[in-house]
Every structure is written in C-alpha cells, then in structure tokens.
Amino acid sequence: MDDLDLLKNVMGSDEADYFDVFTHAPGPSGKLPLTPELLLNEPSGNLFGWSQNVGMGWQADRLQGREVLILGTLGGIRNEDGTPAALGYHTGHWEIGLLMKAAAAEIAAKGGIPFAAHVSDPCDGRSQGTSGMFDSLPYRNDAAMVMRRLIRSLPTRAAVVGVATCDKGLPAMMLALAGMKSLPGVIVPGGVTLPPTNGEDAGKIQTIGARYANGELSLEEAADLGCRACATPGGGCQFLGTAGTAQVVAEALGMTVPHAALAPSGQPVWTEMARQSARAAMALASKGLTLSDVLTDASIRNAMVVHAAFGGSTNLLLHIPAIAHAAGLKVPSAADWAEVNRNVPRLVSVLPNGPVPHPTVRVFLAGGVPEVMLHLRRLGVLDVSVLTAAGVTLNETLDWWETSKRRQHMRSYLAEREGIDPDTVIYSPDRARAAGLTPTVTFPSGNIAPEGSVIKSTAIDPSVLDTEGVFRHVGRVKVYTTERDAIRAIKTGGIFAGDILALIGRGPTGTGMEETYQLTSALKHLAFGKQVSLLTDARFSGVSTGACIGHIGPEALAGGPVGRLRDGDWVDIRIDTRKLEGAIHMVGCGEQPDTPEAGTAILAARSPHPSLAEDPELPDDTRLWAALQSASGGTWKGCVYDADRIIRTLEAGMRVLAREESGG
C-alpha cells in the first residue's frame, strides 16, 4: 500500500451523510433567572457559567440550586451494558463512573446542580518492574495539584465529592480535598473487587513469573489462575495493600460516611454509599461545615491508630503525613508512628497479614472501620470528639453503628451465608492477643539507616521468629542497583535461603521511589522467601514476608551509607515484633561478622557503590519531583511539595548563582 492508498484508507469513504453540516441552531429554551442585582454585581464568569450550563442541557429554571462538584478518577470507556469500549488502566477506576452517576442523581433530586470532572490514575500493579513505576509516587502530588485546580476552576461550587479507589488516585484525592480547607468535602472510596470462587487474589497472582521460574507453578496453572484473579470488573485489589488501606484511612480521618471503606464494587450497598455521600456533602454545605472542621490533628492521629489496628500498608506512612501537610496540620514523625504502634493492637485478620487470609470484602461485612473503632473506643485510644463527614461526632457515629440494623445484618450475613464468624475477621483485643496478632510496623535504624527505615513487622512469617517474637538474621549481602537484576536473580537461582538482598539507588532521586512489590510478593509466595531479607531505599506495598525493610534513609543517591554496601558484606538484622524495636547494621566484610562499630568505620571510608546511579530511563518530570520533595523534607515528610521551603531554596540558589555569575 502506497502513501496515497494509506491516506485514503484512513479517511474512508467520501459518500457519507456527515457532509450535511449545520451552521446554526435555535439554542436552549427558557430564560436565565437574572436580576438587576446579579447583572450589576456578579462576575461575568458566574453569569457565563449559567449560559454554559443551559448549553449542556440543564434546564434554565433549575439554575439556582446548590452546585456540587463530583471529582473522580474514572478511567476507560464503558458501553451501556458494562462491556469495554476502551479499557481503563485497572479495575479500581473502571466502575467509578457508576458511583459518580449515583451521586449526581441524588444531588439533582435534592435540587442541587451536579458537576463532574475526572483525573484518572495509574495502576501500580500494571507498572511493577517497568519504567512506568517511575511516575507512580510523583503522580500523587501532580494529580492532587490538578484536582485542586479543577476545584478552584469552578468558583461557584458549594461542596466537593471526591470519588477514588486505588494506590495513588485515592491518596491524591485526599490530598486535594485536604488542601481545600474552607470547602465542605466528602470522600467516596471506590470499593473492592471480589476474589475468584476458585483461584488466587490479585496480590498473589503477581508472582506467577517468579513461581513458574522456580518450578512451583506450571505454565497451564499460571495461565488459568491469571485469567480469573479479578473476579469482578470494578474495585481495588482484594488484599489490604495500599488501595484498601487508603480507603480505611479515608474513613478513619472522618472524610467518608460511616462504613464506606472496602464495599464490594458494583453492588447496591456500594451505589447507595454514593447517594449517602452526596446527601452528606449537601448537609455539610447547609450547616456551614468545612474540611477544616473535619481534618484536625486529632483526626490525623485517629487515622494512624486505625492504620495500626488494621495492619495497613507502609505506603500510608508517606500519604498520611502528606495529607496532614496539605491540611496545614502537624506532620507525624517516625517517633509518633512508633508510639502509636506500641500502644495499639492489631485487630484485623485479612490478606496478606492473616493469620487467616480473609479478602477485604469479608472485613467490610464484619463491620469494617466502625467495627474496629468500637474496640478502639473501648481501649481509649481514639479521640471520639472529632467531627465526621456525616456532620456528627465520631462518638455519635459509633453509638449509631453499635445498635444499627446495618451492623447486625452485615455481620449475620457473613456468619450465616458465608460461614465466617465476624469476630474471627475483626478480633477483640483479647482474642487478637490470644490468636497471636502482632503490631503493624517497626522503624529500624543503624549504621545502614541512620535516619531510619520501615518494616511491616506483622508480616514476618511467625516460623522465623524466636519464642520472644524476635527476628534475627546475620548474613552476607548481595547488592543490586536495579530491580530488574534483583528479580532476575530471584527467578534464576541467584538468591537462596539465608541471603540478604540489598536493592539500592531506588529511592526518590534514583527512580521516584519505585514500589518493589514484585520482589516482596515473590519472596512472600516462594517456599524459601521467608528465609531471605530485603533492604532497600525504595518502597513496597503491604505484601511482604521475611524481613522486607524499605524507606532506608538517607537514600543511597543522597549519600546514605546503604549506597556503600558491597557483595559479601556482613549485615546484622534484628526486629523485635512485640516491642517494635529494630536495628540494621553492617558488621564487617571479613571471614566472620564483626561489630557495628567496625562496620560503621568501613562504610565511612568507602566510596559509593560503582554501579550506583540515577536510572537512565528516569523522566525529567520525576527528576523535578524528586528535587522538589527533597527540598520539602523528603521521604519522612511524606514526599510533599512545601511551597515555602521550595521558594526559599530557589531564592537561596539564585543568590548563589548571581554571585558566581558576577564573579563575587
């Protein structure tokens, strides 16, 4: 086919009725409800907005209702029957439009005017092990900025309903709304997908390559299981990773209606939540209550408490501080996190932590966030005076939940129809202790991580702990500077039981702080994985086993000592899963382990690892993000954009450049 034929093929037939082009139309019927006062005093934009509204088909006699913006992370294009016209990136945003439509109908039925806008989101699962991961965490900041710009670009909005589901879209939505302090706002968590009746969840299924490579899965099994992992077309993953934890945190912050997190996507209870949220947003606007009334230092701490009780993803250690920063509140420190986790028991048995691998929909049926909060209220670790998006205090919300028919029905359904005792999904503190549930996270430090690190210590396999609940691993390290090389080693026999794997240079500066889920999930689901430890300045989701230690600071490319490790170095790891204390030390490079002091001296005398470098595929967008978040306090401040600090840093830099250019 020559170029002319190619062009003709693209353009198609010339004999079509689309050449009948109209050049004018009568326009909408009716009249704008204008008054002399409006014409004299309103900005032209507000008046033109009415022209736009009727131009899109809104009736002119309904223009004076309260305007509510529904902001969503919708992705893909669905046909009317739900089949795909164009795919989204993930199931989490595939059905979001149904929630937005339900909320819009409720707003309109109550005399309001619904508006809708979308800022779609990526899939961390789809980008695992690819250069797409370099845009994952930076997307959160950029999307939050775009969302806030969209909110401000509708000057007449009276409230915002934010609909989002997954790893970065929902944190971005929470950041966006948190930054709109003077506006009423409600979050609608997008829910969860169901697990297959027979098959594997979306977390385990991501390890089919590693398990096949190690002879633990056949080609036929991998193909069959992979086809059925997402049993329903909408909702976040079935395990309590970042997506599920973000939904839990949104409710714990008071930003949702009661019992909103982890609802099954596409089902009536899920769409009713959207209508409830729309009513809540309009009620907040009527009462003059804003997000600054809901988001307080106490609600941030409540979110940390609930995170600990659920055993949530370590990624929320980045997102909750960022939400606090966006709301102008106290940003929790590592010490604050450690204190919360020492005082709050883990109460939820859910994938991937267990002890029973319940999918998240069972947690919803067992009572979800309000059920957990009932136990936490009895323990006295919650501030129940905080206000919620329902317009009442948390104490009033929990009083309602405790005696509600909804609670009774959901828990009875789980017991009678599913054969699951809800009290073995959400435990009481006494039963949790008896079942061996341990607290969530520990923050090890040492000569490898002088600024600290994070481990989801509750996910360490109990079989590798001693009788006191302590994990101890002294071994030689194998150092990798790319995730590609690390996963290849796992797949091809380069990593064995007893090894310590160090993946360095993958923090914010190197990769945008990529999520190394394909490594941690592989170690979780390989037979020998619990006997391998992982050290990295990158991050990972809630699915990990053995000792997977991330967020190591300073990162290697910022001069952190983790960047000076070499193959064969001895590393000593100790994690007390009960006292939540831990240490990671390099202890020499000779025939036998030495002391931490000896290791410190060796590291101080070394140059960085010769292969340590920014990833060559790192886009300039992410390089800029890395610089901005570093100037704003870095990982332990939540990887945020602190405008004041960034501006001061730029001004100081410009003064230095001016002196250099003038020869001073």
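Residue numbers run from 1 in the order of the sequence given.
- A donor-acceptor pair is defined here as one N or O able to donate and one able to accept, closer than 3.5 Å; such a pair exists between the side chain of Lys524 and the backbone of Pro352.
- To the nearest 0.5 Å, the span separating OG on Ser630 from CG on Leu557 amounts to 11.5 Å.
- Among all heavy-atom pairs drawn from Ile96 and Leu74, the shortest one is CG2-N, 3.9 Å.
- Ser265 places none of its side-chain heavy atoms less than 4.5 Å from the side chain of Thr193.
- Comment: Arg157 does not engage Glu67 in a salt bridge, judged by the lack of any side-chain N to carboxylate O separation of less than 4.0 angstrom.
- Here the straight-line distance linking atom OG of Ser349 with atom NE2 of His358 works out to 4.5 Å at 0.5 Å rounding.
- Here the closest non-hydrogen pair linking Leu69 and Ala117 is CD1-N, 4.2 Å.
- Although no hydrogens or angles enter the test, the distance criterion places a donor-acceptor pair under 3.5 Å between the side chain of Thr91 and the main chain of Gly235.
- The residues Arg406 and Glu371 are annotated as not salt-bridged, no charged nitrogen and carboxylate oxygen being separated by less than 4.0 angstrom.
- Side-chain atoms of Ser521 come within 3.5 Å of backbone atoms of Tyr517 as a donor-acceptor pair (strictly under, hydrogens ignored).
- Using a distance-only test at 3.5 Å, with no hydrogens or angles considered, a donor-acceptor pair links the side chain of Ser277 to the main chain of Met273.
- The environment of Arg484 atom CZ is sparse: at most 12 non-hydrogen atoms of other residues, nucleotides or ligands sit within 6.0 angstrom.
- Of the charged side-chain nitrogens involved, at least one lies within less than 4.0 Å of a carboxylate oxygen, so that Arg623 and Asp620 count as a salt-bridged pair.
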**OP:** Go through Leu170 and Ile187 one step at a time and tell me if the side chain to side chain contact (heavy atoms under 4.5 Å, CB included) criterion holds.
**Re:** CA-CA 9 Å; Leu170 182 49; Ile187 291 286; 3.9 Å; yes
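- Looking at His551, its side chain never comes within 3.5 Å of a backbone N or O of Asn315 through a donor-acceptor pair.
- A side chain to side chain contact (heavy atoms under 4.5 Å, CB included) with Leu183 holds for exactly one of Leu284, Val160, Leu177; it is Val160.
- Considering every non-hydrogen atom in both Ala116 and Met100, the closest pair reads CB-CE, 4.0 Å.
- The CZ atom of Arg301 lies 12.5 Å from the OG atom of Ser299; values are rounded to the nearest 0.5 Å.
- By the 4.5 Å heavy-atom criterion applied to side chains, Thr388 and Val294 are not counted as neighbours.
- Taking a 6.0 Å sphere around NZ of Lys181, one finds it holds more than 12 heavy atoms contributed by other residues, nucleotides or ligands.
- For the atom pair Met373 CE and Leu398 CG, the distance stands at 6.5 Å (nearest 0.5 Å).
- Residue Tyr139 places its OH atom among more than 12 non-hydrogen atoms of other residues, nucleotides or ligands, all under 6.0 Å distant.
- Put simply, the side chain of Leu318 reaches to within 4.5 Å of the side chain of Thr635, judged on heavy atoms.
- Looking at Gln238, its side chain never comes within 3.5 Å of a backbone N or O of Pro359 through a donor-acceptor pair.
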**OP:** Quick one: do Asp621 and Phe134 satisfy side chain to side chain contact (heavy atoms under 4.5 Å, CB included)? Show the steps, please.
**Re:** CA-CA 10 Å; Asp621 298 330; Phe134 301 165; over 6 Å; no
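- Closest approach of Gly132 to Ser127, counting heavy atoms only: C-CB, 3.7 Å.
- Side-chain contact check for Gln247 versus Val192: some heavy-atom pair is nearer than 4.5 Å.
- Taking CD1 from Ile323 and CG from Leu316, the interatomic distance works out to 7.0 Å, rounded to the nearest 0.5 Å.
- Across Ile151 and Met180, no two heavy atoms sit closer than the pair CG2-CE, 3.7 Å.
- Ser313 pairs with exactly one of Thr245, Thr242, Thr440 by the side chain to side chain donor-acceptor pair (under 3.5 Å) rule, that one being Thr242.
- Judged purely by atom type and a 3.5 angstrom limit, Lys456 uses its side chain to pair as donor or acceptor with the backbone of Gly311.
- By the 4.5 Å heavy-atom criterion applied to side chains, Phe115 and Ile70 are not counted as neighbours.
- Each of Asp336, Asp297, Thr296 was scored for a side chain to side chain donor-acceptor pair (under 3.5 Å) with Lys330, with one residue passing: Asp336.
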**OP:** For side chain to side chain contact (heavy atoms under 4.5 Å, CB included), just list the numbers for Met255 and Leu291, CA-CA rounded to whole Å, side-chain angles, deciding distance to a tenth of an Å, and then say yes or no.
**Re:** CA-CA 8 Å; Met255 298 180 78; Leu291 283 156; 4.1 Å; yes
**OP:** Show your reasoning for whether side chain to side chain contact (heavy atoms under 4.5 Å, CB included) applies to His307 and Val340.
**Re:** CA-CA 10 Å; His307 176 275; Val340 165; over 6 Å; no
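- With hydrogens and angles ignored, the 3.5 Å screen pairs a side-chain donor or acceptor of Gln206 with a backbone N or O of Ala202.
- No donor-acceptor pair under 3.5 Å is formed between the side chain of Glu514 and the backbone N or O of Ala538.
- Between Arg346 and Asn353 the shortest side-chain heavy-atom distance falls below 4.5 Å.
- Interatomic distance, CZ of Phe443 versus CG of Asn341, reported as 6.0 Å (0.5 Å rounding).
- You'll find the side chain of His319 reaches within 4.5 Å of the side chain of Leu137, heavy atoms only.
- Here the closest heavy-atom approach between residue Tyr89 and residue Cys123 is recorded as O-CB, 3.7 Å.
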**OP:** Please assess Arg539 against Ser136 for the test side chain to side chain donor-acceptor pair (under 3.5 Å), listing each intermediate value before the final yes or no.
**Re:** CA-CA 11 Å; Arg539 60 191 174 89; Ser136 172; 3.1 Å; yes
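- Using a 4.5 Å cut-off on side-chain heavy atoms (C-beta onward), Pro189 and Leu262 make no contact.
- For Asp615 and Arg506, the salt-bridge test passes: some basic side-chain N is under 4.0 Å from an acidic carboxylate O.
- Although no hydrogens or angles enter the test, the distance criterion places no donor-acceptor pair under 3.5 Å between the side chain of Arg66 and the main chain of Ala158.
- Between Trp401 and His259, the angle of the ring planes lies from 30° to 60°, which puts this pair in the tilted group.
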Original post:
Given the rule in the side chain to side chain donor-acceptor pair (under 3.5 Å) test, do Asp121 and His90 qualify, once you have shown the distances and angles that lead to the verdict?
Top reply: CA-CA 9 Å; Asp121 58 337; His90 54 92; 3.1 Å; yes
